[in-house]
Visitor: 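Take a look at this one; I'll ask things after.
Keep in mind it's a predicted model, so treat the numbers as computed, not measured. So you know, we letter chains A, B, ... as the sequences are listed, proteins then strands, and number each from 1.
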Protein chains: 2
Amino acid sequence: MNSTSAPEPAQPTERIPAAERREQILAAASRVFGERGYSGATTDQVARVAGISQPYVVRMFGTKENLFLEVLARALDRLVTSFRQIIQEPREAGPAATELLASRLGAAYVDLIEDRGILLSLMQAFISGHNPVIGAKARAGFLEIYRMLRDEAGFPPDTIREFLADGMLFNTLLAIRLPDIFHEDPAAAELMRCTFRGKLDVVLDATAAESTDADAAPAPPAAGHVDAAKDDK
Amino acid sequence: MNSTSAPEPAQPTERIPAAERREQILAAASRVFGERGYSGATTDQVARVAGISQPYVVRMFGTKENLFLEVLARALDRLVTSFRQIIQEPREAGPAATELLASRLGAAYVDLIEDRGILLSLMQAFISGHNPVIGAKARAGFLEIYRMLRDEAGFPPDTIREFLADGMLFNTLLAIRLPDIFHEDPAAAELMRCTFRGKLDVVLDATAAESTDADAAPAPPAAGHVDAAKDDK
DNA sequence: GTCTATATAGGGATAGAC
DNA sequence: GTCTATCCCTATATAGAC
């Protein structure tokens with residue numbers, strides 16, 4: 001309380017290579033943007049989750065919009081990479097081949113969006129059609145997936161439509177956190193069973209381990225405790 | 001420039017009953033929240049679209065969150081009402097009855113979300129699972145629809161799933177403004193045709209008439225012009 | 001590579017006049 | 001019923017030290 005001065009230099013953050021720090025920030029930003037939305041998230045929250053100072057975040061990415069764009073690109077990239085890899089795996093021919101591939105891709109998709117950062121960054125982008133920059137990226141990304149399914153996976157249009165529709169339902173159910181009330185509401189359980197089928201357990205498991213803590217203290221050194229615990233609104 | 005004083009009382013807005021004004025504000029808020037998101041929207045933008053002053057908006061709804069909640073409730077209400085009405089219409093029995101009803105409900109849904117305010121208010125709510133108040137409303141609303149389809153429409157689980165999945169795909173394609181590039185991108189056209197089918201024309205038509213103008217001048221009296229035209233970022 | 005300090009703007013909400 | 005004025009907090013971004 002009355003120490004002569006020394007404004008607590010806040011743990012002199014470890015000095016690590018920029019590239020690595022970049023990754024940390026992107027990971028943190030993905031989670032924070034996911035929880036609070038593009039406008040709702042603050043660079044300060046991102047900084048806290050990443051364990052560094054707010055100005056450093058801005059320093060590294062120039063602007064908040066820029067940061068979001070990188071987060072979005074990263075999410076799309078993971079999605080595309082994951083899909084392409086599965087498509088290129090050797091697969092048996094036969095009538096059920098398409099169906100089997102679709103189900104593999106679906107499973108991979110669920111695994112991906114288990115990461116709320118990825119899920120919600122994508123959804124954030126979807127509802128930003130109004131924003132010229134973000135909106136354009138969202139459209140381009142969506143169509144890239146469409147073309148991949150058509151040209152690389154060889155899906156017929158209706159299969160693509162069904163696949164995408166299922167994906168959007170996955171998105172929504174996870175976004176509204178239906179798994180949270182799986183045990184309280186029978187209707188929720190029914191809908192989830194019928195939607196996620198074999199993947200139900202994965203979805204339910206992931207429900208436990210989470211919480212972003214964009215508020216509260218800085219993160220990195222497993223410090224004892226800090227005063228903080230500011231807003232949460 | 002050098003008028004003695006008189007800070008331009010800004011058209012002395014017409015004095016109308018509170019209930020009516022309420023509706024105006026809700027309509028305006030629906031559009032603004034839809035375009036900018038919950039956090040991205042400002043009460044001032046809502047006020048401008050409604051043609052009144054910012055403090056009055058706050059006055060009437062207490063807080064911004066409250067205003068959003070009312071917008072959301074209004075959207076859900078319209079949805080529920082519209083569906084219920086269709087379900088209760090007399091319908092022929094027979095094997096194709098379920099399918100026919102589903103297609104009618106689907107068409108009604110597209111009509112509803114043609115209103116970007118409604119569409120995006122719903123989607124905003126979906127991605128606010130994190131917010132205890134809004135998130136809870138979103139879950140409750142979604143499950144209400146589910147139960148209605150199950151208990152009132154008598155749909156089997158898989159039909160419900162497909163129906164909801166299609167709906168979520170509608171949402172997404174409209175949210176990212178795919179109709180905007182219908183003529184520029186063949187893949188976009190393909191996907192939209194196959195998704196919206198008979199409703200394609202409706203979706204494409206509505207694409208023209210829009211733009212919120214939350215920025216720029218006040219609205220109501222067809223005034224000559226005003227300076228304004230502020231941000232737009 | 002990372003921080004502290006701070007300029008500066010924006011936005012929600014309140015007070016009180018008309 | 002509606003506005004003007006305005007308080008005050010929050011958030012992005014910049015400057016510059018270490």
Visitor: Ala41(A) near the nucleic acid: base, sugar-phosphate alone, or nothing, with a heavy-atom cut-off under 4.0 Å?
Guide: sugar-phosphate
Visitor: From the set dA13(D), dT2(C), dG12(C), return the single nucleotide nearest to any side-chain atom of Thr43(B).
Guide: dG12(C)
Visitor: Of the non-hydrogen atoms in Thr43(B) and Val57(B), which two are nearest, and what is the gap between them?
Guide: O-CG2, 4.2 Å
Visitor: As a test of reading the structure: which of dG11(C), dA13(C), dA11(D) is closest to the side chain of Thr63(B), going by heavy atoms?
Guide: dA13(C)
Visitor: Using whole Å, report how far CD1 of Ile16(A) lies from P of dC3(C).
Guide: 10 Å
Visitor: Given dT2(C), dT12(D), dT14(C), which nucleotide is nearest the side-chain atoms of Arg21(A)?
Guide: dT2(C)
Visitor: Expressed as a whole number of angstroms, how long is the span from Phe61(B):CZ to dT2(D):P?
Guide: 12 Å
Visitor: Look at the side-chain N and O atoms of Arg59(A) and state whether any lies under 4.0 Å from the OP1 or OP2 oxygen of dT2(C).
Guide: no
Visitor: List the atom pairs, with distances to 0.1 Å, where a side-chain N or O of residues 70-79 of chain A and a protein N or O form a donor-acceptor pair under 3.5 Å, not counting sequence neighbours.
Guide:
| unit_1 | atom_1 | unit_2 | atom_2 | d |
| --- | --- | --- | --- | --- |
| Glu70(A) | OE1 | Arg22(A) | NH2 | 2.9 |
| Glu70(A) | OE2 | Arg22(A) | NH2 | 2.7 |
| Arg74(A) | NH2 | Glu23(A) | OE1 | 3.4 |

Visitor: Can you tell whether the side chains of Asp180(A) and Arg139(B) come within less than 4.0 Å, N to carboxylate O?
Guide: no
Visitor: Could you check how far CD of Glu14(A) sits from P of dC18(D), rounded to whole Å?
Guide: 23 Å
Visitor: If every non-hydrogen atom of Phe170(B) is compared with every non-hydrogen atom of Phe196(B), which pair is closest and at what distance?
Guide: CD2-CE2, 3.4 Å
Visitor: What's the OH-P distance between Tyr56(A) and dA13(D), to the nearest Å?
Guide: 17 Å
Visitor: Calculate the interatomic distance between Met60(A) atom CE and dT2(C) atom P; express it in whole Å.
Guide: 7 Å
Visitor: Just compare dG12(C), dT4(D), dT2(D) and give me whichever is closest to any side-chain atom of Pro55(B).
Guide: dT4(D)
Visitor: State which residues pass ring pair (Phe, Tyr, Trp, His ring centres under 6.0 Å) with Phe142(B); sequence neighbours excluded, sorted by chain then number.
Guide: Phe126(B)
Visitor: Name the nucleic acid region contacted by Thr42(A), choosing base, sugar-phosphate or nothing; use a 4.0 angstrom heavy-atom cut-off, strictly under.
Guide: sugar-phosphate
Visitor: Which nucleotide in the list dC3(C), dA13(C), dC3(D) gets nearest to the side chain of Ile52(B)?
Guide: dC3(D)
Visitor: What nucleotide among dT2(D), dA13(C), dA13(D) has an atom nearest to a side-chain atom of Gln54(A)?
Guide: dA13(D)
Visitor: Distance check needed: dA11(D) P versus Arg36(A) CZ, whole Å only.
Guide: 9 Å
Visitor: Return the value, rounded to whole Å, for the distance between atom CG of Leu67(A) and atom C1' of dA11(D).
Guide: 14 Å
Visitor: For Ala18(A) and for Gly62(B), locate the closest nucleotide of DNA chain C by heavy-atom distance; then report the residue assigned to the nucleotide nearer the 5' terminus.
Guide: Ala18(A)
Visitor: In whole angstrom, what separates Asp44(B)'s CG from dA5(D)'s C1'?
Guide: 14 Å
